[in-house]
Amino acid sequence: MSDTLLKPVAAWRSFDGWVKRFEHRSEVLDCDMVFGVYLPPQAEQGPVPALWWLSGLTCTDENFLQKAGAQKLAAELGMALVCPDTSPRGTDLPGEHDDWDFGSGAGFYVNATREPWSRHYRMYDYVTRELPTLAESALPLDGRRSISGHSMGGHGALICALREPERWHSVSAFSPICHPSRCQWGIKAFSHYLGDDRNDWAEWDATQLVTHVDKQLPILIDQGGDDEFLGDQLKPGSLEQACICTHHPLEINLREGYDHSYYFVASFIDDHLRHHGRALGLG
């Protein structure tokens, strides 16, 4: 790998570090992709660990770095922030752009097995294999990784950590879709990407995955009490019950008065950065 595989798109100075965006060709997704990264000032002296952030429905690589206010503490800790996009781009498959909760902006971090999605919609392999290999080869990242995300991205963070805990030092989520096999967002996405056999969905569902993991990474979740999607789409209670049954370490903070927005994420992002910083051996 070489930094010549990354085409710089933009750069902004931030808390003595840099917010940067890069474009690259993804062989896994068979399209061109853009991702964002915050490199703290310590990265100018040598490689640093990274928190990988997965965003939610309709989002791109840009929303977290623009809205969460994470750069200040990340700079103090010496933690990079890596923000992939949420779906393949420019593929223009039939029906891909028709609905906000499926297709473009809604990759659900699974490896699709059903045509026509299986050619491009392999977001799990992209965020766990291809992009880490590329980013860690071309940027000052030392290979230590933690993972977090919001909503659909919270689902993505959970399944990444539960499927392959050896790849991550820690995991957290804001308002994650905890039981996608039992909510309309997940049913819609999984039936298209994976087919109608619900047995095939289990390996992409955090509530089902948590019952048979080899290594238990403690899970930190923040959930807004006034989140309009709490009851019918997110279902944190299902994950909580599964964790109780399997003695999987889980901390869920129900934040009264908070909704599903980035105002909520920004209010508690520092708690999550410190959680990951401890696991990564920072400050």
Side-chain angles (χ1 to χ4, degrees), residues 53-60 63-64 67-68 85-87 95-110 112 117 121 123-124 127 147-163 171-196 198 200-211 219-244 250-269 272:
W53 177 270
L54 307 184
S55 289
L57 291 166
T58 75
C59 293
T60 69
N63 60 295
F64 178 75
K67 297 179 179 180
D85 205 343
T86 52
S87 74
E96 184 179 20
H97 311 306
D98 291 352
D99 299 313
W100 68 272
D101 57 353
F102 175 76
S104 183
F108 267 83
Y109 304 103
V110 303
W117 313 102
Y121 277 70
M123 288 298 294
Y124 181 82
V127 302
I147 191 163
S148 187
H150 173 237
S151 193
M152 179 188 72
H155 145 77
L158 292 175
I159 64 170
C160 286
L162 290 169
R163 285 170 59 96
V171 59
S172 74
F174 287 84
S175 312
I177 303 172
C178 294
H179 201 2
S181 298
R182 294 293 184 267
C183 75
Q184 288 305 307
W185 284 343
I187 291 169
K188 182 176 182 177
F190 284 8
S191 60
H192 283 83
Y193 295 144
L194 305 173
D196 296 325
R198 295 198 175 208
D200 295 334
W201 300 3
E203 62 180 307
W204 307 105
D205 186 310
T207 295
Q208 295 173 268
L209 283 168
V210 80
T211 63
I219 298 171
L220 171 63
I221 290 176
D222 270 84
Q223 172 62 60
D226 286 4
D227 191 322
E228 63 269 36
F229 305 117
L230 176 56
D232 58 346
Q233 302 287 4
L234 305 180
K235 301 185 181 299
S238 297
L239 178 62
E240 185 174 22
Q241 287 302 310
C243 286
I244 290 172
L250 170 67
E251 177 184 345
I252 295 184
N253 300 309
L254 185 65
R255 306 295 189 176
E256 296 297 340
Y258 287 89
D259 61 11
H260 198 71
S261 71
Y262 262 82
Y263 295 112
F264 165 56
V265 174
S267 297
F268 300 101
I269 190 61
H272 287 241

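These values consider heavy atoms only, across backbone and side chains, with no hydrogens, waters or symmetry-generated copies. Residues take their numbers from the sequence shown, with the count starting at 1. All figures in this text were calculated on a predicted structure; none of them were measured in a lab.
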- [ ] Return the set of residues passing side chain to side chain contact (heavy atoms under 4.5 Å, CB included) with Asp196 (not counting sequence neighbours), or none when no residue passes.
- [x] Arg114, Ser191
TODO: State which residues pass side chain to side chain contact (heavy atoms under 4.5 Å, CB included) with Thr211; sequence neighbours excluded, sorted by chain then number.
DONE: Ala242, Thr246
Task: For Arg255, side chain to side chain contact (heavy atoms under 4.5 Å, CB included) partners two or more places apart - done: Asp222, Asn253, Tyr258, Phe264, Phe268, Asp271
Open item on the list: Can you confirm whether more than 12 heavy atoms, excluding those of Gln184, are under 6.0 Å from its CD atom?
Closed with: no
Open item on the list: Quick check: closest heavy atoms across Gly224 and Leu230, and the distance to 0.1 Å?
Closed with: O-CD2, 4.0 Å
Task: Closest contact, heavy atoms only, Leu209 versus Ala202 - done: CG-O, 3.8 Å
Open item on the list: If you compare all heavy atoms of Arg182 against all heavy atoms of Arg198, which two are closest, and at what distance to 0.1 Å?
Closed with: NH1-NH1, 3.3 Å
TODO: Give a yes or no answer on whether the side chain of Asp205 reaches the backbone of Ser181 with a donor-acceptor pair at less than 3.5 Å.
DONE: yes
TODO: Specify the closest pair of heavy atoms between Ala157 and Leu54, including all atoms of both residues, with the distance to one decimal.
DONE: N-CD1, 3.6 Å
Task: Flag, side chain of Ser175 to backbone of Gln223, donor-acceptor distance under 3.5 Å - done: no
Task: Heavy-atom donor-acceptor pair, Ser87 side chain to Gly107 backbone, under 3.5 Å - done: no
TODO: Nearest 0.5 Å please: distance from the OG atom of Ser104 over to the CG atom of Leu57.
DONE: 11.0 Å
TODO: Nearest 0.5 Å please: distance from the OH atom of Tyr193 over to the OH atom of Tyr121.
DONE: 5.0 Å
TODO: Taking the side chain as every heavy atom from C-beta outward, state whether Glu256 and Leu254 have any pair of such atoms under 4.5 Å apart.
DONE: yes
- [ ] With sequence neighbours excluded, tell me which residues meet ring pair (Phe, Tyr, Trp, His ring centres under 6.0 Å) with His155.
- [x] Phe108
Open item on the list: Once rounded to the nearest 0.5 Å, what's the spacing between atom CD1 of Ile177 and atom CG of Leu239?
Closed with: 13.0 Å
Task: ring pair (Phe, Tyr, Trp, His ring centres under 6.0 Å) partners of His192, counting only residues at least two apart - done: Phe102
TODO: For Phe64, enumerate each residue passing the ring pair (Phe, Tyr, Trp, His ring centres under 6.0 Å) test, keeping only those at least two apart in sequence or located in another chain.
DONE: Trp53
Open item on the list: When you measure from the side chain of Ser151 to the backbone of Gly153, do you find a donor-acceptor pair of N or O atoms at a distance under 3.5 Å?
Closed with: no
Task: Over all atoms of both residues, closest heavy-atom pair of Ser148 and Ala173 - done: OG-N, 4.0 Å
- [ ] Could you list the residues that satisfy side chain to side chain donor-acceptor pair (under 3.5 Å) with Asp232, not counting sequence neighbours?
- [x] none
Task: Partners meeting ring pair (Phe, Tyr, Trp, His ring centres under 6.0 Å) with Tyr124 (sequence neighbours left out) - done: Trp204
Open item on the list: Among residues at least two apart in sequence or on other chains, which ones pass side chain to side chain donor-acceptor pair (under 3.5 Å) with Glu203?
Closed with: Arg163
TODO: Quick one: do Gln233 and Glu228 satisfy side-chain contact (heavy atoms from CB on, under 4.5 Å)? Show the steps, please.
DONE: CA-CA 9 Å; Gln233 302 287 4; Glu228 63 269 36; over 6 Å; no
- [ ] Any chance you could lay out the side-chain contact (heavy atoms from CB on, under 4.5 Å) test for Leu220 and Val171, step after step, and finish with the verdict?
- [x] CA-CA 7 Å; Leu220 171 63; Val171 59; over 6 Å; no
Open item on the list: The test is ring pair (Phe, Tyr, Trp, His ring centres under 6.0 Å); show your working for His260 and Phe174 and say whether it passes.
Closed with: CA-CA 9 Å; His260 198 71; Phe174 287 84; over 10 Å; no
- [ ] Starting at NE2 of His150, measure out to SG of Cys59 and round the result to the nearest 0.5 Å.
- [x] 7.5 Å
Task: Partners meeting side chain to side chain donor-acceptor pair (under 3.5 Å) with Thr207 (sequence neighbours left out) - done: none
Open item on the list: To the nearest 0.5 Å, what is the distance between NZ on Lys67 and CD1 on Ile269?
Closed with: 14.0 Å
Task: Note, Thr86 side chain near Met152 side chain (heavy atom, < 4.5 Å) - done: yes
Open item on the list: Among residues at least two apart in sequence or on other chains, which ones pass side chain to side chain donor-acceptor pair (under 3.5 Å) with Asp99?
Closed with: Lys188
- [ ] Looking only at non-hydrogen atoms, find the nearest pair between Pro176 and Leu158 and report the distance.
- [x] CB-CD1, 3.8 Å
Task: CD1 on Ile147 to OH on Tyr109, rounded to 0.5 Å - done: 9.0 Å
Open item on the list: Checking Asn63 against Ser55: is there a side-chain donor and acceptor pair closer than 3.5 Å?
Closed with: yes
Open item on the list: Does the plane of the ring in Trp185 sit parallel, tilted or perpendicular to the ring in Trp100? Use 30° and 60° as the thresholds.
Closed with: perpendicular
TODO: List for me each residue that meets side chain to side chain contact (heavy atoms under 4.5 Å, CB included) alongside Glu240, sequence neighbours excluded, and say none if there are none.
DONE: Ile244, Leu250, Ile252
Task: Test item: Leu234 and Cys178 side chains (from C-beta on) under 4.5 Å apart, heavy atoms - done: no
